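The structure appears below as structure tokens.
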Amino acid sequence: MYESKKLPCHEKLSFDTKKQANTARLVAELQHNAKLKTYKCIHCGLWHLASLD
Ligand SMILES: [Zn+2]
């Protein structure tokens, strides 16, 4: 019954620090030739990547 307790971001990559997220962002931007942003998640308190529209 843990399914309902999963955070909405549980499938996202998570980073402990902004620095780690930014490093991953740079790599992902090069790989995907896209602009990404980092943000601190209100759900888990960790950092995730998100695409810019
Ligand atoms: Zn999160």
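Both counts, for ligands and for their atoms, begin at 1 and track the order of listing. If you're wondering where the values come from, they're calculated on a predicted model, not measured in any experiment.
Atom CG of Leu7 is separated from atom CD1 of Ile42 by 10.5 Å, given to the nearest 0.5 angstrom.
When all heavy atoms of Ala28 and Leu36 are compared, the closest pair comes out as CB-CD1, 3.4 Å.
Applying the side-chain hydrogen bond (donor to acceptor under 3.5 Å, both in side chains) rule to pairs touching residues 26-49 yields Arg25-Glu29, sequence neighbours excluded. Screening residues 41-50 for salt bridge (Lys or Arg N to Asp or Glu O under 4.0 Å), with sequence neighbours left out, gives no hits. Within the structure, salt bridge (Lys or Arg N to Asp or Glu O under 4.0 Å) contacts touching residues 10-24 (residues at least two apart or in different chains) do not occur.
Within the 4.5 Å cutoff, side-chain heavy atoms of Phe15 are placed close to those of Leu49.
Each protein N/O/S atom under 2.8 Å from the Zn ion (ligand 1) was counted, for a total of 4.
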